[in-house]
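The figures here come from the full heavy-atom set of this structure, side chains too, leaving out hydrogens, waters and symmetry mates. Counting starts at 1 for both ligands and their atoms, in listed order.
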Amino acid sequence: MDISVIGTGHVGLVTAACLAHIGHRVIGHDSDMAKMDSLLSGKIPIYEPYLEEIVHENQEAGRLSFTKSFERAVHESSVIFICVGTPPKENGEADLSAVELVSRRIAEIAEDYKVVVEKSTVPVETGMWIAKTISVYGKGQGFDVVSNPEFLREGTAVFDFLHPDRIVVGLLEKGGEGERAMKEVYAPIVDGSFRCPVHPEGCPSREIPFLVTDIRSAELIKHASNSFLAMKISFINAIADVCDRVGADIREVAEGIGLDHRIGSHFLRAGIGFGGFCFPKDLQAFIRISEKLGKRLRILEEVERINAERIDIAMEKIKGMLWILNGKRIGLLGLAFKPNTDDVRFSPALSLAKRLISEGAKVTGYDPKAAFNAKVEMEGFISSKCIRKDSFEIAESPYEAADGSDILVLATEWDEFLKLSWERIKGLMRRPAVFDGRNFLDGEMLRGLGFEYVGMGVR
Ligand code: UGA
């Protein structure tokens with residue numbers, strides 16, 4: 001099929017590359033010309049496992065191309081995926097101006113029937129507005145609007161696209177051309193007839209549900225899924241605080257809860273909370289749209305409150321170990337909002353770093369992938385708050401972060417932190433103390449080596 005993808009951010013670029021990889025001809029377009037220049041010259045602006053190789057492979061095979069021309073992207077495709085950003089406004093609502101602009105331009109440019117796919121994460125009823133916009137500004141060329149929410153995790157987005165738990169397609173009218181086109185788009189994934197970059201020997205076989213719903217239900221599935229996952233995290237974090245009060249261990253509690261298959265073991269890792277550009281903003285947007293519709297989702301307000309409190313609790317624990325923060329040197333392991341990504345947007349690690357330097361500590365951060373993005377964000381914060389410039393520095397290795405520090409704080413659970421030589425680290429630190437914000441390290445082993453070890457709800 002001939003597909004275009006408008007918006008080549010994280011979701012758009014992965015979608016374009018994977019759709020080309022399963023056999024479609026795909027054109028990617030973005031209004032950010034610097035991003036286009038970089039993609040046209042073969043540079044991938046984000047880090048995502050397998051992405052670079054499938055972009056290059058499919059560019060070479062002629063299935064994937066990029067264009068600066070919005071018109072070309074529209075004219076040369078029958079299915080158009082809208083993957084533009086929906087950033088939060090000041091009040092937490094999703095800013096849909098990019099979605100509206102793209103819909104209007106498609107309406108003005110398209111000369112024949114198109115299937116317009118809403119892939120950006122949007123509040124319920126956006127699909128209805130897209131359809132209204134296209135029919136008002138269009139020339140009667142005929143179109144279908146489809147909601148096709150994405151469930152891609154950063155760091156495993158290519159894997160998730162090619163091995164989804166489900167494909168959700170929401171339609172204004174079931175059984176028509178839009179539904180047929182979407183079945184054709186995803187057929188290679190449903191029947192497993194693509195060459196998998198993750199499993200060169202062949203993917204483990206499993207059935208992929210293709211769920212056809214009405215358009216509003218599909219939009220709600222996206223917001224409700226992210227909210228439910230965020231709720232699981234806040235739930236386990238609240239229980240972790242109870243564990244702290246009685247000397248129980250949240251890892252054992254989570255294991256015991258998760259073995260009930262009705263609950264499941266995923267998203268029950270307690271720590272300094274969730275971040276990233278999805279959960280915090282989607283939760284806010286869902287709270288706002290529901291409020292607007294006359295239904296206050298207090299349960300999600302509490303999920304947000306518990307998450308915001310994680311950094312206060314981490315600060316209390318660090319102060320409980322160091323007493324005074326002013327003048328202390330802190331090594332910070334992990335800066336990305338989670339492992340296997342270079343994304344630092346709404347990263348709990350950086351929220352913690354900002355609080356620590358605001359109280360006079362000097363933080364030296366290390367991250368295998370996110371150091372550059374973290375540096376940019378922290379420099380912006382430092383200059384806006386008139387904090388000493390040398391309050392935050394980047395280390396080239398975990399050992400450099402530990403060197404001369406009074407405490408080592410683990411904020412993001414990168415696998416490489418499991419392989420550190422703690423004897424060496426002990427020798428480098430001013431005093432051997434570890435605050436494990438993700439309950440990731442072996443506390444017993446560290447205590448055995450003479451470290452003071454504190455986690456979030458662990459013994
Ligand atoms: C999330 C969802 O998992 C995806 O399904 C969804 O498509 C995506 O948002 C989106 O809306 O685009 P992502 O933000 O990449 O994906 O990251 P997650 O792996 O879900 O983690 C989110 C945050 O929760 C991270 O900060 C992580 O450290 C934290 N987390 C996760 C916990 O604190 N505990 C857990 O048990 C799991």
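- Among Leu350, Val344, Asp367, Asp343, the one residue that satisfies the side-chain contact (heavy atoms from CB on, under 4.5 Å) test with Asn373 is Val344.
- For the salt bridge (charged side-chain N to carboxylate O under 4.0 Å, His left out) test, residues two or more places apart in sequence or in another chain that qualify with Glu309 are Arg305.
- Remark: Ala433 engages Met321, Ile407, Arg431, Glu452 in a side-chain contact (heavy atoms from CB on, under 4.5 Å) (not counting sequence neighbours).
- Among all heavy-atom pairs drawn from Leu268 and Gly264, the shortest one is CD1-O, 3.4 Å.
- By the 6.0 Å and 45° rule, Arg105 stacks over the aromatic ring of Phe70.
- Residues lining ligand 1 at a heavy-atom distance below 4.0 Å are given as Glu150, Phe151, Leu152, Arg153, Glu154, Lys222, Asn226, Ile233, Phe267, Leu268, Arg269, Gly273, Phe274, Gly275, Cys278, Phe279, Asp282, Phe337, Lys338, Arg438, ordered by chain and residue number.
- Residues passing the salt bridge (charged side-chain N to carboxylate O under 4.0 Å, His left out) test with Lys132, sequence neighbours excluded: none.
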